[in-house]
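One structure below.
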Amino acid sequence: MVVRSPRRGVTRWQPPQPPTVPASLTRGVLPDHDLDHEVSFDRVEFDGLDLTGRRAGGVQFEECRLVRTDLAETVLDRSQFSECIAEQANWANLKATKLTLLRCRLSGLRLTGLHWVDGGLRDVTISECRVDLASFRFSSFSAVLFEDCVLTGADFTGAKLGGARFVGCDLTGARFPEAQLKGAEFSRCTLADIDGITNFAGAVIDSHDLIALSYTLAGALGIQIRD
């Protein structure tokens, strides 16, 4: 792995803190626990609920568990998930402008076409999720781990990724124009056809990943590679 020198002022990536969700939760039922503007859910377990196609703003989830609860095609504006776990659900095409995730874990989710613009993620683990064609434009990442995720065609334009680590992810065709990647880490990832490769200055990349990335970098610099 490419080793970062211990220079003054360089902050090493920190692993996310796990969420704390109580063992005893109130069972969520419809319509009592449906999405609405400015509604708050505290210590609720959403299991198998269909919350697709909703539109709401200012929604707060605190210490909740969402299992097989679908949010596909839903719009959540200026909302927040704090100390939450989400598992095995379809959140495809969720539009989440200015959404905040604090100390959360997402696993086994379908996040295809996710629209997560101008948001914030801190102490978040996203594992074994399909996040292809998702947009994280102008979002900020602090202590965030993407693990074994499909991120093909994902858009990180203008994102602050210094606090993000990608492990075992497919980032083929991902976009990083104007992104800040100093301190971001990539391990065992597919980094082919990256857009915005010149913004990778300061990132930490496994030597094996760097071989594939070098072809994209050479193309960006107009270098012809001859076998």
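Remember, predicted model here, so these are calculated numbers, not experimental data.
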Nearest 0.5 Å please: distance from the [atom1] atom of [X] over to the [atom2] atom of [Y].
X      : Y      : atom1 : atom2 : value
Gln60  : Glu38  : CD    : CD    : 8.0 Å
Leu101 : Phe81  : CG    : CZ    : 7.0 Å
Leu35  : Leu49  : CG    : CG    : 9.5 Å
Asp148 : Asp170 : CG    : CG    : 11.5 Å
Ser79  : Lys98  : OG    : NZ    : 12.5 Å
Leu111 : Leu133 : CG    : CG    : 12.0 Å

Margin query: Students often mix this up, so state it plainly: with edges at 30° and 60°, are the rings of Phe156 and Phe136 parallel, tilted or perpendicular?
Written below: parallel
In the single-linkage hydrophobic clustering (I, L, V, M, F, W, Y; side-chain heavy atoms under 4.5 Å), do [X] and [Y] co-cluster?
X      : Y      : answer
Val150 : Val124 : no
Val144 : Phe200 : yes
Val39  : Leu94  : yes
Val44  : Phe61  : yes
Ile205 : Leu151 : yes

Margin query: Using the rule given for side-chain contact (heavy atoms from CB on, under 4.5 Å), can you reason through Phe186 versus Leu191, listing the C-alpha separation, both sets of side-chain angles and the distance that settles it, and then say yes or no?
Written below: CA-CA 9 Å; Phe186 298 83; Leu191 298 170; 4.0 Å; yes
Margin query: Exactly one of Thr52, Asn90, Asn93 should register a side chain to side chain donor-acceptor pair (under 3.5 Å) with Glu73. Which one does?
Written below: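 Between Glu73 and the candidates, side chain to side chain donor-acceptor pair (under 3.5 Å) is satisfied uniquely by Asn93.
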Does some side-chain heavy atom of [Y] sit less than 4.5 Å from a side-chain heavy atom of [X]?
X      : Y      : value
Glu87  : Ser107 : yes
Arg130 : Cys149 : no
Phe146 : Thr125 : no
Pro19  : Cys104 : no

Using every non-hydrogen atom in the two residues, find where [X] and [Y] come nearest and quote the distance to one decimal.
X      : Y      : result
Arg188 : Val167 : NH2-CG1, 3.0 Å
Glu185 : Trp13  : OE2-CB, 3.5 Å
His33  : Gly28  : ND1-CA, 3.5 Å
Cys64  : Phe46  : SG-CE1, 4.3 Å
Gln88  : Leu109 : N-CD2, 3.7 Å
Glu178 : Asn199 : N-ND2, 3.1 Å

Between [Y] and [X], does any NZ, NE, NH1 or NH2 come within less than 4.0 Å of an OD or OE carboxylate oxygen?
X      : Y      : answer
Asp47  : Arg68  : yes
Asp118 : Arg137 : no
Arg27  : Glu45  : no

Notebook entry, point to check: Of the options Arg103, Glu62, Glu63, which is the one that meets Ser82 in a side-chain contact (heavy atoms from CB on, under 4.5 Å)?
Noted result: Glu62
Check: Any luck finding a side-chain donor-acceptor pair between Asp132 and Thr112 under 3.5 Å?
Finding: yes
Notebook entry, point to check: Between Thr157 and Arg175, is any side-chain donor less than 3.5 angstrom from a side-chain acceptor?
Noted result: yes
For the side chain of [X] and the backbone of [Y], is there at least one donor-acceptor N/O pair under 3.5 Å apart?
X      : Y      : answer
His37  : Gly57  : yes
Trp116 : Leu99  : yes
Asp155 : Ser135 : no

Next item on the list: List the steps and the verdict of side-chain contact (heavy atoms from CB on, under 4.5 Å) for Arg43 and Thr26.
Entry: CA-CA 6 Å; Arg43 299 187 177 185; Thr26 299; 5.7 Å; no
Next item on the list: Would you check, one step at a time, whether the test side-chain contact (heavy atoms from CB on, under 4.5 Å) holds for Leu121 with Leu102?
Entry: CA-CA 6 Å; Leu121 300 87; Leu102 301 175; over 6 Å; no
Check: How far apart are the C-alpha atoms of Thr74 and Arg54, what are their side-chain angles, what is the distance that settles it, and do they pass the side-chain hydrogen bond (donor to acceptor under 3.5 Å, both in side chains) test?
Finding: CA-CA 5 Å; Thr74 284; Arg54 276 31 174 205; over 6 Å; no
Notebook entry, point to check: Checking side-chain contact (heavy atoms from CB on, under 4.5 Å) for the pair Thr97/Arg78: CA distance, chi angles, key distance, verdict?
Noted result: CA-CA 6 Å; Thr97 304; Arg78 300 179 184 273; over 6 Å; no
Check: Counting heavy atoms not belonging to Arg122, are there more than 12 under 6.0 Å from its CZ?
Finding: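 Atom CZ in Arg122 is not packed in, count stays at 12 or less.
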